[in-house]
Amino acid sequence: MPSGDRSLPAPVLMVDEGLELRQAMPDDAEEMFVEIEGNREYLREWLPWLDDITSPENEMTFLRGTLREYEKGDGASYGIRLVGRYIGGMGLNWIDRGNRACGVGFWLSEKFTGQGIVTRCCARLMDHCFDDLEFHRFVLEAATDNTASRAVAERLGMRLEGITKDREWLYDHYVDAALYAITAPEWRQRNQG
């Protein structure tokens with residue numbers, strides 16, 4: 001039965017040695033913008049928000065908004081930090097308290113891809129959501145052709161629940177999305193074996 005618990009996601013989650021998820025704060029805007037700017041062409045393939053972030057001030061405005069969402073318990077925006085360096089972002093893009101569910105989104109600087117960083121961060125966030133926040137369902141949506149993000153969902157044992165037609169406007173066209181999900185009992189069973 002869903003509870004009325006309004007516990008906020010932890011501001012810092014240690015993933016493993018030197019790798020952490022840290023609540024993104026307005027003071028991080030300059031560092032985050034530099035990483036986004038250095039990866040703009042790479043990230044543009046799948047992220048629709050890049051045209052809205054054209055300066056550190058835009059990033060600061062975005063971070064202030066995510067902080068307000070966090071304080072209300074409606075989401076969380078984390079910086080992925082490797083040995084203190086900001087290398088990407090991961091967020092609970094939405095939290096549905098009534099149904100004890102949430103949805104994740106993420107991006108990573110190109111030179112850090114292929115090392116399992118996103119998978120490890122996502123697994124740590126899932127543990128936190130299921131064990132500490134008592135969520136029941138964790139959702140990941142990715143464009144159907146975004147094989148890297150879909151592979152993260154599959155490595156985590158998430159179930160493909162369907163394809164959503166024209167799910168997101170990506171600059172000049174719509175993309176379909178693959179919707180993956182896993183429940184707390186499924187996650188726990190997967191991790192026992």
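- Counting heavy atoms from C-beta on, the side chains of Phe112 and Ile80 never come closer than 4.5 Å.
- Looking at heavy atoms from C-beta onward, Ser109 lies out of side-chain contact with Tyr42 at the 4.5 angstrom threshold.
- Proximity of Pro185 to His136: side-chain heavy atoms (C-beta onward) are separated by under 4.5 Å at one or more points.
- If you chain together hydrophobic residues whose side chains sit under 4.5 Å apart, Met25 and Phe62 never meet in one group.
- Residues Leu140 and Ser149 share a closest heavy-atom pair of CD2-O, 4.2 Å.
- Going from atom CE of Met32 over to atom CD of Glu37 covers 14.0 Å, rounded to the nearest 0.5 Å.
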How far apart are the C-alpha atoms of Glu69 and Lys72, what are their side-chain angles, what is the distance that settles it, and do they pass the salt bridge (charged side-chain N to carboxylate O under 4.0 Å, His left out) test? CA-CA 5 Å; Glu69 287 179 5; Lys72 291 188 305 186; over 6 Å; no

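- One finds the CD atom of Glu59 at 9.0 Å from the CG atom of Asp28 (value rounded to the nearest 0.5 Å).
- For the pair Asp176 and Arg167, the salt-bridge criterion is not met [side-chain N within less than 4.0 Å of a carboxylate O].
- In this structure, Gln189 CD and Thr183 OG1 are separated by 9.0 Å, a value rounded to the nearest 0.5 Å.
- Of all heavy-atom pairs spanning Trp94 and Val139, the tightest one is CZ2-CB, 3.9 Å.
- Screening residues 160-186 for ring pair (Phe, Tyr, Trp, His ring centres under 6.0 Å), with sequence neighbours left out, gives Trp169-Tyr174.
- A salt bridge between Asp131 and Arg188 is present, with a side-chain N of the basic residue lying under 4.0 Å from a carboxylate O of the acidic one.
- With no hydrogens or angles considered, no side-chain donor-acceptor pair links Thr61 and Asn58 at under 3.5 Å.
- Taking each heavy atom of Gly79 and Tyr86 in turn, the nearest pair found is CA-CE1, 3.5 Å.
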Take Asp51 and Arg44 through the test salt bridge (charged side-chain N to carboxylate O under 4.0 Å, His left out) and record every step on the way to the result. CA-CA 9 Å; Asp51 288 351; Arg44 191 173 179 80; 2.7 Å; yes

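- Between Ala181 and Arg137 the shortest heavy-atom distance is CB-NH1, 3.4 Å.
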